[in-house]
There are 2 protein chains.
Amino acid sequence: MTKKSTIALVAQHAGVSVASVSRVLNGLPASPAITERVQASAAALGYAPDASARRLRVGRTEQIAFAVADLGNPVYTAMTRTITEEVQEGGFRLLLASTGQGADGPLGLLTDLDGSFVDGLILSPLQVDERVVERLRGRRHPIVVIGSVPDDVPVDSVRADSMTGVRLALEHLVAQGRRRIAFVNGPVDTVPGAARLAGYVRGCDALGLVTHQELQVVADDFTYEAGLPAARRVLDQCVPDAILCANDLLGVAALNVLRERGLRVPEDVAVVGMDDTDLAGMTRPALTSVDLGSIERARRAAQLLLRRLGGFDGPPERVVVEPTLRVRASSGGAA
Amino acid sequence: MTKKSTIALVAQHAGVSVASVSRVLNGLPASPAITERVQASAAALGYAPDASARRLRVGRTEQIAFAVADLGNPVYTAMTRTITEEVQEGGFRLLLASTGQGADGPLGLLTDLDGSFVDGLILSPLQVDERVVERLRGRRHPIVVIGSVPDDVPVDSVRADSMTGVRLALEHLVAQGRRRIAFVNGPVDTVPGAARLAGYVRGCDALGLVTHQELQVVADDFTYEAGLPAARRVLDQCVPDAILCANDLLGVAALNVLRERGLRVPEDVAVVGMDDTDLAGMTRPALTSVDLGSIERARRAAQLLLRRLGGFDGPPERVVVEPTLRVRASSGGAA
DNA sequence: TGCTGCCTCGTAATCGATTACAAGAACGAT
DNA sequence: ATCGTTCTTGTAATCGATTACGAGGCAGCA
């Protein structure tokens with residue numbers, strides 16, 4: 001391993017002062033003679049400025065963190081990809097922080113954040129409790145939350161309109177003649193779980209649909225594995241003509257359980273997922289899914305953060321991204 | 001936003017010297033009286049040590065980077081998840097660097113790396129050219145490569161045994177009575193593409209199978225979208241009784257194209273994927289897949305890096321992870 | 001020639017934490 | 001009481017880069 005070279009070594013090698021080296025390397029005015037000597041020496045020594053020293057002086061790490069609960073969910077993968085591109089364009093590196101389930105993950109992260117290892121944070125928490133909110137208030141760096149935050153917490157946020165999203169799905173299913181629409185949700189003590197449940201209940205009310213308890217089931221997680229027993233449970237309890245699932249992983253699980261029970265999709269039971277991930281296009285029948293604008297949310301979140309880091313100091317933004325329905329074969333509505 | 005508090009402020013608040021504050025906070029010996037005062041002051045001021053300053057002094061960032069070509073591929077997602085867990089356990093944060101396709105991605109990253117924004121790097125390159133190798137030689141930090149590197153490059157590496165993996169798949173298919181086995185590969189100018197092609201050719205030779213050009217097709221990418229036209233092309237060219245795919249995304253594409261052509265899986269054509277990602281269990285029929293030990297490779301890579309960071313200074317390790325075949329319905333071999 | 005003004009370049013302060021070193025306190029042994 | 005040992009605590013150097021400030025050189029102008 002080659003050993004590290006510092007600005008002092010370059011200065012010595014070039015026979016100039018450290019200040020001149022720094023100036024040349026940062027494009028500040030310097031005479032052609034010095035410029036050339038410094039550049040030659042820097043190249044010869046393979047010099048690369050020390051990120052920590054630089055940051056200590058100028059106050060910027062040029063790093064942004066993205067905190068996500070479960071990378072296994074393709075919707076977060078897609079978001080991560082978008083955010084990576086967006087922040088790299090802005091000249092920042094992306095740090096991926098895995099918070100895991102529960103509210104303790106973000107909490108530890110927010111504490112660490114005070115150590116200034118990043119300039120800003122994009123937080124997509126599954127759960128938010130009082131302690132998290134408190135830390136968001138006392139933050140020292142710009143934070144953008146993907147999801148809902150109480151109105152009085154002064155951070156930018158970008159959220160999906162799950163309520164409308166669920167409504168779109170229900171209306172579509174009703175238009176296909178479905179009336180007994182079951183709902184496979186994820187944990188309701190999470191932000192998305194709660195929002196989607198509320199959307200289902202209100203949407204059914206508005207459309208005059210029944211919402212018996214037997215039509216509703218809660219999976220232990222927003223995962224495929226948790227979706228299988230959940231889908232089986234709902235079919236044991238009732239005979240729906242459609243199943244709405246709180247995300248695509250649960251949707252795929254429902255598709256497979258229906259097949260295992262000998263029920264045809266969409267003839268006997270229609271299925272609709274949410275998030276419109278890549279997965280939706282891969283299943284057969286392809287899964288109709290509500291696009292909650294995850295890519296768009298990721299992009300907007302990144303942009304909001306970059307704007308704050310650029311010095312913008314206005315009041316907190318509250319962005320709501322509108323959902324759209326992506327109809328595929330699993331709901332029988334496709335051409 | 002609360003403003004930053006430094007060790008000096010804490011010292012002033014507690015009425016002690018900065019050295020004492022540092023000592024208390026780092027658990028070095030100090031009298032109970034001082035310990036208590038410092039802890040109280042630190043808590044009162046919400047003090048958190050500055051990561052850059054600390055790193056500048058002690059020489060550690062406590063960050064590790066994982067460089068990956070395409071996060072959209074579930075195999076990398078799974079690896080990322082494993083590595084995240086592993087390095088967090090070791091007290092490091094994970095930085096995700098997206099290199100994109102081609103050899104230029106890793107190149108820029110390896111240059112940046114000299115800036116010491118991380119203590120070490122796990123690199124999973126799709127392509128490796130001479131320039132990359134050269135940089136690996138002149139590196140200033142421990143690097144672990146997931147994939148193959150020339151023998152004389154002094155870095156730890158963990159690679160899959162694609163050759164054997166492909167062989168396992170071929171043997172399994174032959175045991176199922178298949179003889180005309182087509183191969184849908186990804187780009188052959190990538191490390192995995194080349195390895196899998198070599199495995200296919202040698203495996204077919206050894207098993208006495210035909211390897212006409214019409215049986216082989218190369219997708220533009222290791223993606224689902226690229227897999228669809230590739231699978232169509234191979235079916236236009238020949239009538240195989242099995243299709244081996246270089247990864248699960250291509251495998252799922254093949255499954256869907258076969259269905260679109262009215263061919264039954266596995267009765268008419270068997271399909272086998274590689275990587276054994278979560279996806280394989282979600283399709284119907286479920287996709288038989290060669291587990292190239294991605295999780296294991298990720299874990300080993302993280303452990304090797306952590307060991308180097310712990311001061312280990314032995315000769316470069318070369319770990320090869322053995323593949324296993326995960327038989328599911330798509331190859332007709334399941335119970 | 002002498003003065004002003006600009007331009008270039010070097011010296012040294014600075015960011016915040018860690019830590020080597022030394023000074024002082026406390027205590028025990030003689 | 002005196003000396004030495006140990007323990008605690010503070011002062012100051014240090015990591016590497018950026019940058020304020022000042023010194024010196026050079027050109028332009030009277």
Side-chain angles (χ1 to χ4, degrees), chain A residues 2-39 41-42 45-63 91 112-119 140-141, chain B residues 2-39 41-42 45-63 91 112-119 140-141:
Chain A
T2 315
K3 80 161 176 297
K4 187 165 184 59
S5 65
T6 73
I7 201 173
L9 292 175
V10 175
Q12 188 180 10
H13 186 274
V16 299
S17 74
V18 293
S20 293
V21 176
S22 176
R23 274 189 286 258
V24 169
L25 267 29
N26 290 27
L28 296 171
S31 72
I34 288 219
T35 303
E36 194 179 346
R37 290 228 304 282
V38 167
Q39 282 171 346
S41 298
L45 298 180
Y47 171 74
D50 184 277
S52 297
R54 164 162 217 176
R55 138 78 178 88
L56 180 58
R57 185 64 226 258
V58 304
R60 284 221 156 193
T61 59
E62 302 187 316
Q63 292 186 165
D112 276 9
L113 189 61
D114 293 341
S116 300
F117 63 91
V118 290
D119 300 332
R140 281 168 194 161
H141 301 274
Chain B
T2 316
K3 80 161 178 298
K4 189 164 183 60
S5 63
T6 72
I7 202 174
L9 291 176
V10 175
Q12 188 180 10
H13 186 274
V16 300
S17 75
V18 293
S20 293
V21 175
S22 176
R23 274 189 286 258
V24 169
L25 266 30
N26 290 28
L28 297 171
S31 71
I34 287 220
T35 301
E36 194 178 345
R37 289 227 305 283
V38 167
Q39 282 171 346
S41 297
L45 298 179
Y47 171 75
D50 182 278
S52 297
R54 166 166 212 165
R55 136 80 178 88
L56 180 58
R57 185 65 226 256
V58 304
R60 284 222 155 192
T61 60
E62 302 186 318
Q63 293 185 165
D112 276 10
L113 189 62
D114 293 341
S116 300
F117 63 91
V118 290
D119 299 332
R140 282 168 194 160
H141 302 273

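To find a chain, count down the sequence lines: A is the first, B the second, and so on, and within it residues start at 1.
Atom-to-atom, CZ of Arg60(A) to C1' of dG16(C) comes out at 19 Å; the value is rounded to the nearest Å. Rounded to an integer number of Å, the gap from Asp50(A) CG to dA17(C) P is 17 Å. Across the protein-nucleic acid pair, Glu62(A) atom CD and dT18(D) atom P stand 11 Å apart, rounded to whole Å. One can place CZ of Arg57(B) at 16 Å from P of dA12(D), the figure rounded to the nearest angstrom. dA25(C) atom P lies 14 Å from atom CD1 of Ile34(B), rounded to whole Å. Here dA17(C) presents its C1' atom at 11 Å from CG of Leu25(B), a figure rounded to the nearest Å. Atom pair Glu36(A):CD and dC9(C):C1' shows a separation of 18 Å (rounding to whole Å applied). Here the P atom of nucleotide dT8(C) and the CZ atom of Arg37(A) are 15 Å apart, to the nearest Å.
The base of dG16(D) is not paired with the side chain of Arg55(B) by any donor and acceptor separated by under 3.5 Å.
We find that Asp50(B) and Arg55(A) are joined by a salt bridge, their nearest charged nitrogen and carboxylate oxygen being less than 4.0 Å apart.
The Thr6(B) side chain lies nearest to dA17(C) when the options are dA17(C), dT11(D), dT18(D). Comparing atom distances between the Tyr47(A) side chain and each of dT18(C), dA20(D), dA17(D) picks out dA17(D) as nearest. Relative to the side chain of Ser31(A), the nucleotides dA17(D), dC9(C), dG16(C) differ in distance, and dC9(C) lies closest. The side chain of Val18(A) lies closest to dT18(D) when the candidates are dT18(C), dA20(C), dT18(D). Here the side chain of Pro29(B) is nearest to one of dT18(C), dT8(D), dG10(C), namely dT8(D). Minimum atom distance to the side chain of Leu56(B) is reached by dC15(D), of the listed dC15(D), dA17(C), dG10(C). Side chain of Val16(A), nearest nucleotide from dC9(C), dG10(C), dA17(D): dG10(C). In this structure, of dT18(D), dT9(D), dT11(D), it is dT18(D) that holds the atom nearest to the side chain of Arg54(A).
Where Ser20(B) and Ala53(B) each meet DNA chain D at their nearest nucleotide, the meeting point lying more 5' is that of Ser20(B). Where Ala48(B) and Arg23(B) meet DNA chain C, the nucleotide closest to each residue was compared, and Ala48(B) sits on the side nearer the 5' end.
When heavy atoms are screened at a 4.0 angstrom cut-off, Leu28(B) is found touching no nucleic acid atom at all. Residue contacts for Ser22(B): at a heavy-atom cut-off of 4.0 Å it reaches a base atom on one of the strands shown.
When all heavy atoms of Val21(A) and Val10(A) are compared, the closest pair comes out as CG1-CG1, 3.9 Å. Nearest heavy atoms, Ala48(A) versus Gly115(B): CB-N, 4.0 Å. Closest heavy-atom contact between Ala11(A) and Val18(A): CB-N, 3.8 Å.
Ser41(A) OG to Gln12(A) CD: the interatomic distance, rounded to the nearest 0.5 Å, is 10.5 Å.
Between His141(B) and Val118(B) the shortest side-chain heavy-atom distance does not fall below 4.5 Å.
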